Protein chains: 2
Amino acid sequence: MNLLSLRSHNAALVLDLLRTAGGEGISRLELAERTGLTPQAVSKITARLREDGLAAEAGRRASTGGKPRTVLRLVPEAGHAVGVHLDRDELRVVRVDLLGAVRGERRAALDLGAGSEAVLAAVRQAVARVLPVQRDEVPRQGLSGLDPSLLGVGVALPGPLDHGRGVLHRVTGFPEWDGFPLREALAERLGVPVVVDKDTNAAALGLAAGGERGSFAYLHLGTGLGAGLVIGGSVHRGARTGAGEFGHQVIQLDGPPCTCGDRGCVEALCLGAVARGDLDQAARVLGAGAANLVGLLDIDVVLLGGRTVAAAPDAFVGGVGAVLEARARRTGQDAVPVRVTAGGDGAVAVGAAQLVLGPVFGRGGG
Amino acid sequence: MNLLSLRSHNAALVLDLLRTAGGEGISRLELAERTGLTPQAVSKITARLREDGLAAEAGRRASTGGKPRTVLRLVPEAGHAVGVHLDRDELRVVRVDLLGAVRGERRAALDLGAGSEAVLAAVRQAVARVLPVQRDEVPRQGLSGLDPSLLGVGVALPGPLDHGRGVLHRVTGFPEWDGFPLREALAERLGVPVVVDKDTNAAALGLAAGGERGSFAYLHLGTGLGAGLVIGGSVHRGARTGAGEFGHQVIQLDGPPCTCGDRGCVEALCLGAVARGDLDQAARVLGAGAANLVGLLDIDVVLLGGRTVAAAPDAFVGGVGAVLEARARRTGQDAVPVRVTAGGDGAVAVGAAQLVLGPVFGRGGG
DNA sequence: CCACTTTCGCAACGCTGTTGCCAAAGTGCA
DNA sequence: TGCACTTTGGCAACAGCGTTGCGAAAGTGG
């Protein structure tokens with residue numbers, strides 16, 4: 001760690017507090033208290049941020065007997081990021097500002113099986129259309145000319161992949177994507193930095209950026225069952241960035257066969273119960289998996305999402321909550337709360353954009 | 001982050017590399033490469049460390065055409081830490097130097113149910129006896145007078161506890177310890193900093209300090225079944241420092257009852273199979289739990305330990321390995337390796353000492 | 001109107017890691 | 001043996017970080 005990285009570290013610290021404060025803003029002295037830096041250091045840092053156009057003064061607080069505190073806020077328009085949600089049959093693209101607010105959105109039908117060229121072209125077109133300056137012609141080289149404040153593009157899609165290198169593995173049902181270097185291919189075509197991640201990780205990251213503190217697990221129950229783990233404010237991806245394989249956790253040895261080839265996976269049991277219309281059993285099974293996860297990682301809260309959960313939120317929150325409460329009674333501790341996520345269908349795309357915004361605020365490894 | 005913490009951060013970085021190099025030592029230029037700092041910065045930092053007596057020059061490498069590199073090494077005697085392993089029927093205390101090498105050891109029978117006063121007195125006596133200057137009389141106030149380079153005492157014991165506050169929860173079989181502020185009580189009696197943690201976490205920390213890189217899970221199979229998780233080089237303890245409850249992971253819904261009150265826990269199934277003499281089934285069950293953990297966290301390696309494993313290492317490594325290999329075939333990735341830990345019975349006490357040494361080398365939040 | 005409080009920037013400062021430079025200590029060839 | 005060359009690593013000067021001392025600005029309250 002040298003002086004340059006110290007400087008950007010502290011700048012990111014301040015920027016993150018400005019982001020968390022949102023529209024309300026935050027005073028210099030409060031920044032100093034929260035960061036542990038001296039007020040004078042905060043003054044210098046915020047002066048630089050104001051010069052760069054990232055922060056601005058926005059009114060002042062009421063006086064407490066002396067000069068009133070000047071409120072600073074993030075300038076949301078100083079930077080933008082694009083989030084792309086590649087689903088099996090749909091493409092969803094959003095543009096967000098530094099605060100994470102959606103500034104543009106676009107949806108299109110998509111066939112993931114139509115070949116890489118067609119998919120990449122569709123993504124390129126949708127991303128170009130969502131940028132503030134829209135032209136009929138999409139420029140040949142690079143999108144940064146369209147919007148100089150575009151920080152990059154985050155892409156979220158189902159299935160296992162290598163987040164570090166940006167290479168896909170076997171996307172269920174689409175074997176032709178195995179080994180495809182999506183990040184490289186898109187970065188070349190778009191001319192801006194690209195980050196690739198699993199859809200569940202993007203959703204979890206979106207929740208973390210949206211104000212969910214600490215450590216939590218986001219369990220997504222839709223056509224499959226997956227999880228995004230946030231530990232200490234950042235997404236846990238594991239050694240080969242394959243963490244979060246919640247659905248193929250075995251909770252019934254020698255149980256019914258699963259599509260993955262194993263037996264007794266939570267996903268098989270849960271989806272089976274849903275198919276039979278037995279939501280209570282589905283929730284109980286999901287709760288058993290969640291309880292295992294809570295015991296292993298000791299997280300703060302369990303968040304549920306996905307179409308199946310959204311269709312019957314009370315049944316799932318109640319069922320999963322009951323299992324966790326029973327566990328808490330046995331261990332003598334408070335039960336881990338269960339909630340349904342508020343975000344709608346666009347949550348994954350918004351979270352994908354946070355893959356790009358995160359490093360600006362000191363989250364994620366660069 | 002200010003300049004003072006920057007300084008200690010970089011010093012810890014260099015110290016950790018010196019520690020890892022062990023007796024072989026490491027040159028200034030190599031330190032510069034590994035830390036990313038300039039050679040001149042490393043020269044300044046190592047000069048300070050040498051002034052403080054923490055580092056020393058130790059010979060030189062062969063020349064590669066110019067002035068040969070001077071080798072630096074950690075001075076192991078510059079600091080000491082004591083590790084205490086409180087087990088149900090035994091007390092084990094070790095003193096280690098900065099390199100983690102055992103410099104003194106002491107064992108004694110112990111009855112955890114004999115009351116807090118008796119246990120604390122036994123610990124105090126054993127710790128005093130393991131210090132380099134041994135006296136017949138144990139001093140009344142503080143042990144730091146006996147050894148000024150004593151950095152602190154780490155205590156490891158079974159069962160759930162609050163690592164942050166150093167307070168015990170329900171130790172299985174000894175309800176009288178519930179809520180006891182062990183860290184505070186011991187720190188007052190010993191006059192040095194005390195850190196308290198679960199035995200499985202201490203064992204895992206010892207393995208991490210012993211050269212195990214990256215992320216791994218240590219599964220301990222003895223009278224119970226627990227886990228210590230190391231993620232990215234540091235122990236994962238979770239929000240309420242209760243993480244690692246591996247044994248009460250449910251892998252068979254509505255299975256046989258467990259001592260915890262739930263049904264189908266890995267611990268119940270595994271210990272049951274061991275009791276029946278069916279080691280293959282025990283290993284298979286353990287493997288199923290390990291596979292769940294690998295999928296959730298995507299760790300680098302699974303390490304097995306504990307008396308039951310040590311009694312039949314091949315059966316457990318083979319059985320757990322087979323389950324993980326089957327999982328790898330399904331996902332199309334390399335299997336996560338399984339190994340038995342080398343450390344013997346004293347591993348937990350040595351790991352407990354690392355609770356104190358860790359912060360010196362920039363590990364752990366203290 | 002004035003004393004007082006609080007905020008916050010300018011200037012000087014101490015300390016960080018960095019750069020420029022050179023002495024020290026080897027190797028290798030004539 | 002002598003000289004050119006390479007490599008290491010410390011001294012000195014430096015740029016830049018956060019900190020301290022201090023004063024101007026902008027309020028409140030009597």
Side-chain angles (χ1 to χ4, degrees), chain A residues 1-18 21 24-52 54-74 362, chain B residues 1-18 21 24-52 54-74 362:
Chain A
M1 168 94 59
N2 55 21
L3 288 173
L4 231 104
S5 42
L6 174 68
R7 172 186 173 141
S8 59
H9 170 88
N10 284 342
L13 228 59
V14 170
L15 274 174
D16 193 42
L17 287 174
L18 286 170
E24 295 174 33
I26 185 171
S27 71
R28 287 181 181 79
L29 282 180
E30 207 173 339
L31 285 171
E33 285 169 18
R34 301 279 287 272
T35 56
L37 295 167
T38 60
Q40 188 56 26
V42 171
S43 272
K44 281 191 178 180
I45 292 167
T46 53
R48 282 199 299 265
L49 294 178
R50 285 193 296 158
E51 267 187 29
D52 297 345
L54 288 168
E57 295 192 345
R60 39 186 58 180
R61 290 268 163 75
S63 167
T64 58
K67 179 177 178 179
R69 301 183 172 185
T70 313
V71 172
L72 298 171
R73 65 172 180 81
L74 199 62
Chain B
M1 167 96 59
N2 56 21
L3 288 174
L4 230 102
S5 41
L6 174 67
R7 171 185 172 141
S8 59
H9 170 87
N10 284 342
L13 229 58
V14 169
L15 274 174
D16 192 41
L17 287 175
L18 286 171
E24 296 174 33
I26 185 172
S27 71
R28 287 182 180 79
L29 282 180
E30 207 173 339
L31 285 171
E33 286 168 19
R34 302 278 287 273
T35 57
L37 295 167
T38 60
Q40 188 58 27
V42 171
S43 272
K44 281 191 179 180
I45 292 167
T46 53
R48 283 199 299 264
L49 294 178
R50 285 194 295 158
E51 267 186 29
D52 298 345
L54 288 168
E57 296 192 346
R60 38 187 57 182
R61 292 267 165 75
S63 167
T64 59
K67 180 176 178 178
R69 300 183 173 184
T70 312
V71 172
L72 298 172
R73 66 172 179 81
L74 199 62

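A note on names: the letters A, B, ... follow the listed sequences, proteins ahead of strands, and every chain is numbered from 1. This one's a predicted model, so the numbers in the text were calculated from it and none came from an experiment.
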Length of the line joining [X]:[atom1] and [N]:[atom2], which is rounded to integer Å:
| X | N | atom1 | atom2 | value |
| --- | --- | --- | --- | --- |
| A:Leu29 | D:dA26 | CG | C1' | 14 Å |
| A:Leu31 | C:dC8 | CG | P | 10 Å |
| A:Glu33 | C:dT6 | CD | P | 13 Å |
| B:Glu30 | D:dT7 | CD | P | 16 Å |
| A:Leu13 | D:dG18 | CG | C1' | 14 Å |
| A:Arg69 | C:dC8 | CZ | P | 8 Å |
| A:Arg61 | D:dA26 | CZ | C1' | 17 Å |
| B:Arg7 | D:dG18 | CZ | P | 17 Å |

Taking side chain to side chain contact (heavy atoms under 4.5 Å, CB included) as the test, write out the residues that go with A:Ser63, two or more places apart.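 Side chain to side chain contact (heavy atoms under 4.5 Å, CB included) check on A:Ser63 returns A:Pro68.
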Test applied, side-chain contact (heavy atoms from CB on, under 4.5 Å); reference residue, A:Leu18; option that passes from A:Ile26, A:Leu13, A:Thr46: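 With A:Leu18 as partner, side-chain contact (heavy atoms from CB on, under 4.5 Å) holds for just one option, A:Ile26.
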Base contacts versus sugar-phosphate-only contacts with protein, heavy atoms under 4.0 Å: please encode nucleotides 25-30 of chain C as B, S and - from 5' to 3'. BBS---
Should [X] and [Y] count as side-chain neighbours, where that means a heavy-atom distance under 4.5 Å?
| X | Y | result |
| --- | --- | --- |
| B:Ile45 | B:Val42 | no |
| B:Val14 | B:Leu72 | no |
| B:Leu3 | A:Leu3 | yes |

Is [X] near enough to [N] that one of its side-chain N or O atoms lies under 4.0 angstrom from OP1 or OP2?
| X | N | answer |
| --- | --- | --- |
| B:Arg28 | D:dG10 | yes |
| A:Asn2 | C:dT18 | yes |
| A:Asn10 | D:dG18 | yes |
| A:Thr38 | D:dT19 | yes |
| B:Thr70 | D:dG9 | yes |

I need the B:Arg34 CZ to B:Asp16 CG distance, nearest 0.5 Å.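 Spacing of CZ (B:Arg34) from CG (B:Asp16) equals 9.5 Å.
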Interatomic distance, A:Met1 atom CE to A:His9 atom NE2 [nearest 0.5 angstrom]: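 Answer rounded to 0.5 Å: 6.0 Å.
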In terms of side-chain heavy atoms of A:Leu3, which of D:dT19, C:dG9, D:dC17 is nearest?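 Closest nucleotide to the A:Leu3 side chain: D:dC17.
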Hey, which sits more toward the 5' end of DNA chain D by its nearest nucleotide, B:Pro39 or B:Lys44?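 Its nearest nucleotide being more 5', the pick is B:Pro39.
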Nearest-nucleotide 5' precedence on DNA chain D, B:Val71 against A:Leu4: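 Mapping each residue to its closest nucleotide by heavy atoms, the 5'-most match is B:Val71.
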Base, sugar-phosphate, or nothing for B:Arg48, non-hydrogen atoms under 4.0 angstrom?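 Answer is sugar-phosphate: B:Arg48 comes under 4.0 Å of backbone atoms only.
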Report yes or no: is there a donor-acceptor pair, N or O only, under 3.5 Å between the side chain of A:Gln40 and the base of C:dC10?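 Counting by modelled atom types and ignoring angles, a donor-acceptor contact under 3.5 Å is found here.
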Looking only at atom types and distance, does a side-chain atom of A:Thr35 sit under 3.5 Å from a main-chain N or O of A:Leu31, one as donor and one as acceptor?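 Yes, A:Thr35 side chain to A:Leu31 backbone: donor-acceptor pair under 3.5 Å.
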